[in-house]
Structures are given as C-alpha cells and as structure tokens.
Colleague: 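Have a look at this one before I ask anything.
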There are 2 protein chains.
Amino acid sequence: MNEKTKPKHEQVKEMILSWIESERYKPNDQLPTEHELSELSGTSRQTVRQALGTLVQEGRLYRKQGSGTYVAALSERRTADMPTIGVLTTYISDYIFPQIVRGAESVLREQGCLMLLSSTDNDKAKERDNLLMLQAGPLQGLIIEPTKSAQGNPNLDCYLALEYMKIPYLMINERYAELDCPCVKVDDELGGYLAAKHLIELGHFRIAGFFKTDDLQGTQRLKGFLRAHREFGVQLRPEHVVHYATENKETRPFELALTMLEKPEERPTAIVCYNDELAVRLLEAVRRTELRVPEDVSMIGFDDSFLATATEVKLTSVSHPKAELGMKAAELLIAMMEGSAPSRNRDIIFAPDIVLRDSTKPYEKNGDKFVRTNV
Amino acid sequence: MNEKTKPKHEQVKEMILSWIESERYKPNDQLPTEHELSELSGTSRQTVRQALGTLVQEGRLYRKQGSGTYVAALSERRTADMPTIGVLTTYISDYIFPQIVRGAESVLREQGCLMLLSSTDNDKAKERDNLLMLQAGPLQGLIIEPTKSAQGNPNLDCYLALEYMKIPYLMINERYAELDCPCVKVDDELGGYLAAKHLIELGHFRIAGFFKTDDLQGTQRLKGFLRAHREFGVQLRPEHVVHYATENKETRPFELALTMLEKPEERPTAIVCYNDELAVRLLEAVRRTELRVPEDVSMIGFDDSFLATATEVKLTSVSHPKAELGMKAAELLIAMMEGSAPSRNRDIIFAPDIVLRDSTKPYEKNGDKFVRTNV
DNA sequence: CAAGCTAACATGTACGTACAACTTCAAAAT
DNA sequence: ATTTTGAAGTTGTACGTACATGTTAGCTTG
C-alpha cells in the first residue's frame, strides 16, 4: 500500500474529519446515516462503520443506537494533543511549595497541559511508589522535588527507567548527586551567605544558625553561613550551629534556642533561621526567655513567606521568587519535551536577596558586659 | 441484551483477559492466531477480530501483521485500571486549600488513582477553560471548589456535560445552587454562629463582623453571626457588618476596621473575622490604632490555620478538619465512581468548633463610658 | 390536547467470502 | 556454510447478508 492509495476506511475517515474541521458539521450536529455515507463514499456499510468506529474511539464522534452519529463537542476530544505532566512533591501543603506549584500550573494550563500532582511525605519508599504509578500513566514529563535530598537516592532505578522511556524530567530545589537532569532552584548557599553577611554588617559577632540538614537546601544555606563568617573573619562557636531534621523539627530547634538564650554570657546577638516557619517558632523561644526581637536579639528568616508579615515584628527574610521558580521549571520541561532545550548547562538558579523589615537591627552594646573581641 | 447473554465479542474479550490476568500468557507472549481463537470460541473470525481490536485499543494487546497478536507489557498498558481524578480549585496556594488537597491526594494515592490539579484564580472564565480541558482528558471523576460561589453559575453547561458524560463530580466548601451533586463542607453558618456566640457569652455586646461575601462560605458565616445576635437578643449596628470581595480584600477590610476602631464611641468590643488571614491583617489595624488584642478588643478568626499561632497573640479561631475534608471528599467520589455511594443525602458536613487561645477575653467595663443597654 | 401504539428508520452484532500485505521458515541455489 | 527464493501462515481491508436493539415520528384513541 503506497502513499497514493490509502485504505478506503482511512479515506472515509478523512472525508468526515474534513467536514468537522470546515465546520460543515458542528458539535452535536448529526452526520449522514451509515447508509447515506456508504452511498456517498461508494464503499460498503462495514467500511463506513470502521471509519466511524475509529473517530468514535478518538472522541471526535459519538453514536446513539437507533438515532444516529453525531459530532462530539470539543470537550469530548481525547488527550492526544494535551500532554500530561507530573509534579512530584514532598509535601503538598508545605508552606512554600503551593506557590511553586501555582507558578508551574499557570504555565502548564496556558500551554494546554494537564498536571498530575502527587506527594511523597518526604519518604523514599513513597517516592518510589509515586514514580512507578506516574510512569504507568500517560506521562510526558515530570517535575520532581527530591525527597530527603541530602540522604542519597535508593530509587535510582526509577529515574533510569524515566530516561529509558525517554520521559524528560527535571528537579527543583536540589538534584540527586548522581543524576544529570536539569535543576531549577534558589542559590541556597548565597542565601545563607547573605543572611549572615547582613547581620555581620550590622555589627553582630555572635550569630547562631539553625539549619535543616537532611535536605541539601539546608546544607547549602549552612555552607553560605559559614563562608560569610570566614570572609568577614568572624569567629563561630560550634554550639551556635544547630542541625535538625524532618523528624525532630518540632522540638529540637526550640529547645536548643531556649538553652542558648537563657545563658547571658553565651547568648547569640542574632539568629539565622533556616526558614520563616522556624523563625516564627524561635520568636516564641525569644519571648519565652523574656527577650525581644530585635532589641535583644536580631533574627532573619528565609523564604519571605506570608509568615514573615503575620508576626508582630515583621521578619527580615531572604527572598526568592517562588511562583516564578515554578513557572521556569514548567517552561524548561516543555522545552525539553519539544527538544528545544539546550543540552548542556540547563540549570536555572535564582539569586536571592534580603527583604529588610523589623527583626534585625545594628548590634549595640547597650550596657551589656560584652566586648567585641573580633575585627 | 440482558445481563446473561453478553455479545459474543465481549465474551471472547473476557476469555482473553482472563488468560492475561491468570498469567497463562505473559507480556510479549503470542496469543493463539485469529483462526485458532475462532475455533476455540466457536465464533467467526470477524467476531474474534472485534474483541482483539478492543483489547488493542485498550493497550492490553498489540498486533503485528503477518506475525501474530501479543500481550502488551505492563508499562504499555493504558490507564484503564488507574482512574484519573481531577481536582479543580480556586487558588492552589490559598493558605487552606493545600491541606484539603493533601488529604484528598493521600486517599487517591492509596486507591491507586492519579490526581490532576488545576486552578481557576477565582475567575469564572478560567473555570470554564479548566472544565473543558479536564473533560478532554481521561477523567473519571472530579472534585470541584466552586468559583465565586455566591455569584451564580454561567458554566452550567459544562457541569451538565459532566453529567451527560457520566463523570461523577462533587463540590467542596459550597455547591452551586442549581446543581444537585454532593457537597463536602464545613457548616459555615454554625461556624459564624459559634464565633459570635463565644463573644456574646464573654459579655461582648458590640461585635463587628467582617465577611467575604462573593463566596457562599462568607455569606453563610455572616448568616450564623446574625443568628447568634438574634438568639441572644444582642443588637447589631449595620456599620459593624463589613462585606468585602476577592478584588478588594487587600484594602477594604483594613480601612473599615481602622475607621471603626478610631472612634471611641463607636468602637466594637470584639471582632469576628472571616478567616485567620483577615485576622492577621486586622491585628495590624488594631495595633495601628494603638489598641491591644484582647485587652481593648477581642478577636476571633476562622480556620485555625498555622497563621493562628504565628502571631504574637495566639488567635482564638473556629476550627475544622481541613485534611479530613479532603479525604472524605476523595472517598465519597470513589464511592460514586464505583456506584456504591447512596443516591440521596450524600452531603458530608463537618461541624466546626472553637479553639480558645489568647485573642478573646471577657468584656470588662475598664473605666469606659459604655453601658450595657441590651439583655 | 395528551397519551399510547406502531411502523419506519438507524445503529449494533454476527456470520461469511475474498483478496492484500506482511512475516516466517524451509528448501534450493551459490 | 551462507544467501536467496517461494510457500505457508497470519494479520489487514473490503464487501455482502441477516437479524437484534433502540429511537423517532406519525397516527389513533380517549
């Protein structure tokens, strides 16, 4: 069968499609009967039925026994022309991620893509389940937030399966070390650096830092925090660097903050918080010890979320464009799906900046017994 | 055609499916030829071809002209056995909705369903676009948060199309008046009633209420607020009932609160806020007028969100189980899809309760010139 | 005028014949 | 031993007949 002579049922199908596309028949209009089409096309009723059957299966027509065959409304067309994109996140209601999803969804909607959303509860086994389930669906691309990104990747085989299946994927916030997919993220190291730098430039010399180090984001923010201290020659007390993880985030930072705030000779003059959520929690620790922010201890958050302005003392916070991150991730994934993304250096990294509010102020001696011993 | 005697081509299809499911034939195994199946089943080759054609269309088999018919590998199966559920929301990053989605997604994941997420920006035209797009996908059910629920339903035809297509759907938070689908929601009227009742029982007699009335949730909360005043015989000043809408929510409530707080002779002794987000905003208005919560004016929020504990004065708030609402909605929709939902009285309504914190206290005269004139 | 009935019309199922196009395997040729 | 050819086998297209099931419109009756 060469190109010139297609099967008759294909030719009938194309004739009917041309009627639909030229709007000779509009949605819910009735087509000629099978008998009429048979005569019109000079083919048998069976051949007409085969053409109609294919168009029904594709959602272009619907049939009603005893009544006739009708043009389907646009909404009844199938998904052949609507790519399905998966978004796999750790926590759907995490206080930042909904804004990233919002940005992604707005781009995907605009581009006529359907978005599947799924979550892992920051648990590697659930990450695996989700990856398998999403792959079994009609997936054309995947945006992934890694799960406990600092703790390795036991689900590597699932990611390799995505590559085998030629499903493009990218990661947001961090990337598993052994994968080579693009990553769309904030420069967390720079964020931690800017936070500490801001406080150092305000004269603070005893700065505590609280970091959630089971995610690479926390590790990177800590790295920047340390780098600022080194560059500005400010000494750091080891007990002023607090690590915590998903499992103990409700208790450990609060307890350790209480402990260090209750000792006047060891008290930090400022605190860098891993994020605004933690900052709200440590604000309470400051109050509990009858100190004030920023009069007694300055504080800086991260993410510039709506929590930063919900508190009585508005938080100075490291800011980054959350919805835009989602948008750029979606745009990049679509480009990858279309084969129009550059093959190298595809990471997109947003530089954060500091939004100054009321929670940080210059360090003042204030009759304290403390003496600057650095610089 | 009654239940007992299915069409022959259906029976052949089921025979072949039973082979696949019992693993008599595994992925990539070759099935008996059409001629052999014809003899085995006692039907014509055409009938066998029809059964095979359906299974090919469903992705269970693939055929190779001149070679044979084979069982498709698992990853090539279509999503026939993984239902796809749409969730249509107004704002993905709305401070409450992510928790509802989280609850729904956890149930859907457990039940092996894929979840499509889409948003309308509380805009009716986008609601329409989304409904058309979701319907064009492989949708088996839909969970919908109505868009500006108090303002009618210009997209009724889209909802009727869902019914025509026999796609079950339900609504959360409110239902469009002319639709008869199930609704899963909080009893907003009771919530508004409890909020006002709580303040009245604390002795407050001049209570302001702020309600977002372009959503039926706001209208119902207002209704309960009014009912409490009527039942307890407390008079209500019209200027103490503030309506606002999506478009002016950033400005109008704040301005009107400032206005009423600045006039000592008209100042309310307590404020009912449509939600915690608004409460945080009105806390700032109270501060701006150098008043204190709860010493000078009590305040109660709604939703018991994490904003309620982010503030310095922890908010008394009307509480309801947000993630559970999402879970119940997903369970009900699955039951509807399986035909196991009761056909009547399917609404699920959660009774809210009050979580007492620090933002409300009993009314005291405090040297004010005010005199109780009611009760 | 409304309700019920029936015949005509339209799609759904099933069988059959015939030939086209492709694949596989065995036999023949090199 | 390897390559080529041809026959047999298998799926794909197309036509036809016959009957089942459901819908619709027109006619009749109350």
Side-chain angles (χ1 to χ4, degrees), chain A residues 1-17 19-20 25 27-73 76, chain B residues 1-17 19-20 25 27-73 76 163-166:
Chain A
M1 178 58 65
N2 62 32
E3 302 273 57
K4 277 195 189 164
T5 53
K6 297 185 174 184
K8 288 190 180 182
H9 66 88
E10 281 282 347
Q11 294 175 37
V12 173
K13 178 180 166 184
E14 285 169 1
M15 173 178 77
I16 294 168
L17 273 179
W19 291 343
I20 295 173
Y25 292 98
N28 296 311
D29 281 358
Q30 178 169 10
L31 287 189
T33 65
E34 292 175 357
H35 177 67
E36 287 163 350
L37 289 171
S38 175
E39 286 186 340
L40 265 179
S41 61
T43 62
S44 74
R45 183 188 160 207
Q46 286 299 119
T47 303
V48 165
R49 287 190 61 77
Q50 179 148 5
L52 294 177
T54 307
L55 289 168
V56 166
Q57 182 255 313
E58 293 173 6
R60 303 302 296 263
L61 304 177
Y62 63 93
R63 298 196 277 203
K64 231 168 146 189
Q65 182 173 343
S67 174
T69 301
Y70 302 85
V71 178
E76 288 161 25
Chain B
M1 177 59 64
N2 63 33
E3 303 272 57
K4 277 194 189 163
T5 53
K6 297 187 173 184
K8 289 189 179 182
H9 65 90
E10 280 283 345
Q11 293 174 40
V12 173
K13 178 182 169 183
E14 284 168 3
M15 174 178 75
I16 294 167
L17 275 178
W19 290 344
I20 296 173
Y25 292 97
N28 296 310
D29 282 358
Q30 179 170 10
L31 286 189
T33 66
E34 292 175 356
H35 178 64
E36 284 161 351
L37 289 170
S38 175
E39 285 186 340
L40 266 179
S41 61
T43 61
S44 74
R45 184 190 158 207
Q46 286 298 120
T47 302
V48 165
R49 286 190 62 76
Q50 179 146 6
L52 294 177
T54 306
L55 289 168
V56 167
Q57 183 255 314
E58 291 173 8
R60 304 303 296 263
L61 305 176
Y62 63 93
R63 298 197 277 202
K64 230 169 144 190
Q65 181 173 344
S67 172
T69 300
Y70 302 85
V71 178
E76 288 160 24
E163 292 174 19
Y164 178 77
M165 294 164 81
K166 298 195 164 39

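All values derive from a computational prediction rather than experimental measurement.
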Colleague: Rounded to the nearest Å, what distance is computed from the CG atom of residue B:Leu61 to the P atom of nucleotide D:dG12?
Modeller: 11 Å
Colleague: Specify the closest pair of heavy atoms between B:Gln11 and B:Lys6, including all atoms of both residues, with the distance to one decimal.
Modeller: NE2-O, 2.6 Å
Colleague: Would B:Leu52 and B:Ile16 count as a side-chain contact (heavy atoms from CB on, under 4.5 Å) if you check the C-alpha gap in whole Å, the side-chain angles of each, and the deciding distance to 0.1 Å?
Modeller: CA-CA 9 Å; B:Leu52 294 177; B:Ile16 294 167; 3.6 Å; yes
Colleague: Whole angstroms only, please: what is the CD-P distance between B:Gln50 and D:dT13?
Modeller: 14 Å
Colleague: For the pair made of CZ in A:Arg63 and P in D:dT23, what is the distance, rounded to whole Å?
Modeller: 15 Å
Colleague: Pull out every protein N or O sitting under 3.5 Å from an N or O of nucleotides 15-18 of chain C, one pair per line with the distance.
Modeller:
unit_1, atom_1, unit_2, atom_2, d
C:dC15, OP1, B:Lys8, NZ, 2.8
C:dC15, OP2, B:Ser44, N, 3.0
C:dC15, OP2, B:Ser44, OG, 3.2
C:dC15, OP2, B:Thr47, OG1, 2.4

Colleague: Mind checking the CD-OG1 spacing from B:Glu34 to B:Thr47? Nearest 0.5 Å is all I need.
Modeller: 11.5 Å
Colleague: Would you mind reading off the distance between A:Glu10 atom CD and D:dA14 atom C1', rounded to a whole angstrom?
Modeller: 14 Å
Colleague: Let me check something: any side-chain donor-acceptor pairs from residues 63-73 of chain A under 3.5 Å, sequence neighbours excluded? List them with distances.
Modeller:
unit_1, atom_1, unit_2, atom_2, d
A:Ser67, OG, A:Tyr70, OH, 2.5

Colleague: B:Leu61 pairs by side chain to side chain contact (heavy atoms under 4.5 Å, CB included) with which of B:Leu17, B:Thr54, B:Leu31?
Modeller: B:Leu31
Colleague: Can you check the B:Leu55 CG to D:dT11 P distance for me, whole Å?
Modeller: 14 Å
Colleague: Taking all non-hydrogen atoms of both residues, which atom of B:Ser44 and which atom of B:Ser38 are closest, and how far apart?
Modeller: C-OG, 3.6 Å
Colleague: Quick one: is C:dG12 close enough that its OP1 or OP2 comes under 4.0 Å of any side-chain N or O from A:Arg49?
Modeller: yes
Colleague: Could you walk me through whether A:Leu37 and A:Val12 pass the side-chain contact (heavy atoms from CB on, under 4.5 Å) test, one step at a time?
Modeller: CA-CA 9 Å; A:Leu37 289 171; A:Val12 173; 5.7 Å; no
Colleague: So among A:His9, A:Glu36, A:Met15, which one has a side chain to side chain contact (heavy atoms under 4.5 Å, CB included) with A:Ser41?
Modeller: A:Met15
Colleague: Please enumerate all protein N or O atoms sitting under 3.5 Å from an N or O of nucleotides 3-10 of chain D, with distances to 0.1 Å.
Modeller:
unit_1, atom_1, unit_2, atom_2, d
D:dG9, N2, B:Gly66, O, 3.1
D:dT10, O2, B:Gly66, N, 3.4

Colleague: Tell me the interatomic distance from B:His9, atom NE2, to C:dG12, atom P, rounded to whole angstroms.
Modeller: 10 Å
